[in-house]
Asks: 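Have a look at this one.
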Amino acid sequence: MKKIFALVDCNNFYASCERVFEPKLENRPVVVLSNNDGCIIARSNEAKALGIPMGAPLFKNEDFLKQHNVAIFSANFALYGDLSGRVMDSLEDFTPHVDVYSVDEAFIDLSGIPGDLIAHGTVLKDTVRRWTGIPLSVGIAPTKTLAKLANRLAKKTPDANNVFSLLDQKRRRDILAATDVSKLWGIGRNITPKLNELGIFTALDLHNAPIDIIRKRFGATIMRTVYELRGEPCIELEEQPPDKKTIIFTRSFGHMVTSHDELKEAVSTFATRAAAKLRRHGLLTGCLWVSAQTNHYNTFDEQCRDAISMPFTQPTDHTGALVKATLAGLARLYRPGYRYKRAGVMLFDLIVKERYAPSLFDAPGTERNDQLMKALDTINHTLAAPGCDAVQFGGAGIHANWRMNQTRLSRRYTTRWADLPVVKA
DNA sequence: TCTGGGGTCCTAGGACCC
DNA sequence: TCTGGGGTCCTAGGACCC
């Protein structure tokens, strides 16, 4: 049976999330900022039409945004994560084969579905919108790479109504000829000029390129892209999310940090967050990595960017162990006199806790620690306020100087009782 | 004053082994 | 003068994605 994929993508996802519980924002330009209220990372269609670029720093655009009555939000990832889950659950009603590709995208399998697939995609899109409030686009094609392109066209083609199919071969050829090769999934800004050197400018050029040359010059990944453009699927649907390999928690600070004490508080907090995430995924870490760096945009400051990894003698998910290792690492890389802007904690060598067989030499007391961590997670899940745990280890501290700027945060409408929307009838 | 964060995969080359 | 060859593992760095 011939394979058919669809890529379902939420339109301007973060901006759309902000609109779900504030319908008066409909038709008004909306932007969402990165952590620390730094850059613009999501824009509604109206904001895009104003010419606001992706990734633009807020401080360079604040006047312009005000002038055009743009609604500005700090990133509210608790809200976006929850709404994402609702969209993905809704998709399961249409096909059991859902491959969640990112927070706002999923590939689904439409192989063997009888009838008009455009009509099917339209029903899907309209239903999910009704159930979740989130607008979607659907791209339909014989491979994932072509489905990505179809999705792009679903959004860009005015009369497509957010559903587009590339199943028709003749039409596909014309579209590939009109598509810049850099717009394809997997072709980034470094590969594009190298392809151009070979005379490959459009998606059709790449589709027609000799496989052996592409393989030799660009490797197996781009070779797969060529096959996929030809309609031969090389990238399968992944219904089981692969095991996590790293957990990363890095943040820029709200203000410059120079003291060791304050840096300690920051990285302890990051380690605490990373540990909670580790437990949420049922994993143990074998090695932790701490980093701290100055503000590389500030050319007057002396720059540094240091990192150190701290292996554990036995894999752990205990907050205390992670904080301890983090602080030991920090003590070794901290340099007095530098103005730090950013720090982070990364966990790797992750293993599934259930599958871990403790060694004879492991330290005792693991079970008691597990119970303590469980209690900690439960309390914080129930009581925590935004960006601040209810219960924490002492090292995470009470200073607030390093904490992120988040002055335009919307409420966590769907994940905190206190933030539930109120309806007045 | 103010410029995000979290991830994966692939490849080349060195070390080491037989 | 002549100085193999194949395999694996690891790591760093590059490239991509959202």
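This is a predicted model, so every value here is computed, not measured.
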Asks: Could you tell me how far apart Arg189(A) (CZ) and dC18(C) (C1') are, to the nearest whole angstrom?
Replies: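 Answer to the nearest Å: 14 Å.
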Asks: Taking only residues two or more places apart in sequence or in another chain, which ones pass side-chain hydrogen bond (donor to acceptor under 3.5 Å, both in side chains) with Arg408(A)?
Replies: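 Arg408(A) satisfies side-chain hydrogen bond (donor to acceptor under 3.5 Å, both in side chains) with Glu62(A) once adjacent residues are dropped.
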Asks: Between Ile248(A) and Phe253(A), which is nearer to the 5' end of DNA chain B once each is assigned its nearest nucleotide?
Replies: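 The residue mapped nearer the 5' terminus is Phe253(A).
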Asks: Contacts to DNA chain B from residues 217-244 of chain A, heavy-atom cutoff under 4.0 Å, which residues?
Replies: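 Gly219(A), Ala220(A), Thr221(A), Arg224(A), Lys244(A) - these, ordered by number, are the residues of the stretch whose heavy atoms sit under 4.0 Å from the strand.
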Asks: How would you list, by chain and number, every residue that makes a side-chain hydrogen bond (donor to acceptor under 3.5 Å, both in side chains) with Glu228(A), sequence neighbours excluded?
Replies: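 Residues passing side-chain hydrogen bond (donor to acceptor under 3.5 Å, both in side chains) with Glu228(A): Thr145(A).
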Asks: Rounded off to whole Å, could you give me the CD1-to-C1' distance for the Ile41(A) and dG6(B) pair?
Replies: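 Nearest whole value for this atom pair: 12 Å.
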Asks: For dC16(B) and dG4(C), measure between their C1' atoms and round to the nearest Å.
Replies: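 It works out to 16 Å between them.
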Asks: What is the distance, to the nearest angstrom, from the CE atom on Met346(A) to the C1' atom on dG6(B)?
Replies: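 After rounding, the gap between these two atoms is 11 Å.
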Asks: For Asp377(A), enumerate each residue passing the salt bridge (charged side-chain N to carboxylate O under 4.0 Å, His left out) test, keeping only those at least two apart in sequence or located in another chain.
Replies: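 Expected list: Arg279(A).
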Asks: Which listed nucleotide (dG6(B), dT3(B), dC2(B)) is nearest to the side chain of Met256(A)?
Replies: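 Nearest to the side-chain atoms of Met256(A), counting from C-beta on, is dC2(B).
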Asks: Answer yes or no: does a side-chain N or O of Thr246(A) lie under 4.0 Å from OP1 or OP2 of dT8(B)?
Replies: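 Looking at the OP1 and OP2 atoms of dT8(B), one of them is under 4.0 Å from a side-chain N or O of Thr246(A).
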Asks: Can you check whether Asn36(A) has a side-chain N or O nearer than 4.0 Å to OP1 or OP2 of dC2(B)?
Replies: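 The answer is no; no side-chain N or O of Asn36(A) sits under 4.0 Å from OP1 or OP2.
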Asks: Would you sketch DNA chain B in dot-bracket for me? Only Watson-Crick or G-U wobble pairs with both distances under 3.5 Å count, crossing pairs as [ ], other-strand pairs as |, the rest as dots.
Replies: ....||||||||||||||
Asks: Going by ring pair (Phe, Tyr, Trp, His ring centres under 6.0 Å), name the residues that satisfy it together with Phe59(A), two or more places apart in sequence or in a different chain.
Replies: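 Not a single residue meets the ring pair (Phe, Tyr, Trp, His ring centres under 6.0 Å) criterion with Phe59(A).
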Asks: Kindly say whether Gln303(A) contributes a backbone atom to a donor-acceptor pair with the side chain of Asp301(A) at under 3.5 angstrom?
Replies: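 No; judged by distance alone, with no hydrogens or angles, the pair does not exist.
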Asks: For residues 93-107 of chain A, which residues have at least one heavy atom under 4.0 Å from DNA chain C?
Replies: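 Heavy-atom contacts with DNA chain C come from Tyr101(A), Ser102(A), Asp104(A), Glu105(A).
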Asks: Examine Phe5(A) together with Phe107(A) and report whether their ring centres are nearer than 6.0 Å.
Replies: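 Ring-ring flag for Phe5(A)/Phe107(A): false, centres at least 6.0 Å apart.
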Asks: Quick one: do Arg215(A) and Asp212(A) make a salt bridge, cutoff under 4.0 Å?
Replies: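 Result for this pair is no, no salt bridge flagged.
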Asks: In residues 131-152 of chain A, which residues come under 4.0 Å of DNA chain B by heavy atom?
Replies: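 Hits under 4.0 Å, by residue number: none.
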Asks: dC17(B) and dT3(C): how far apart are their P atoms, nearest whole angstrom?
Replies: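 dC17(B) and dT3(C) have their P atoms separated by 24 Å.
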Asks: Heavy atoms from C-beta onward define the side chain here; which of dC17(C), dG6(B), dT3(B) lies closest to that of Trp185(A)?
Replies: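 Given the options dC17(C), dG6(B), dT3(B), the side chain of Trp185(A) is closest to dC17(C).
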Asks: Give me the residues of residues 55-91 of chain A where at least one heavy atom lies under 4.0 Å from an atom of DNA chain C, by number, or none.
Replies: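 Under 4.0 Å from DNA chain C: no residue of residues 55-91 of chain A.
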Asks: Do you know which two heavy atoms are closest between Asn151(A) and Ser137(A), and how far apart they sit?
Replies: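 Taking every non-hydrogen atom into account, ND2-O, 3.0 Å.
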Asks: How close or far is atom P of dC2(B) from atom CD of Gln406(A), stated in whole angstroms?
Replies: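 It is 18 Å, rounded to the nearest whole Å.
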Asks: Who are the ring pair (Phe, Tyr, Trp, His ring centres under 6.0 Å) partners of Trp289(A), not counting sequence neighbours?
Replies: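 None.
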Asks: Checking Ser182(A) now: which residues fulfil side-chain hydrogen bond (donor to acceptor under 3.5 Å, both in side chains) with it, not counting sequence neighbours?
Replies: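 Testing Ser182(A) for side-chain hydrogen bond (donor to acceptor under 3.5 Å, both in side chains), a comparison that skips the adjacent residues, returns Asp180(A).
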Asks: Where along nucleotides 9-14 of chain C does protein come under 4.0 Å, by heavy atom, of base (B) or sugar-phosphate alone (S), with - for untouched nucleotides?
Replies: ------
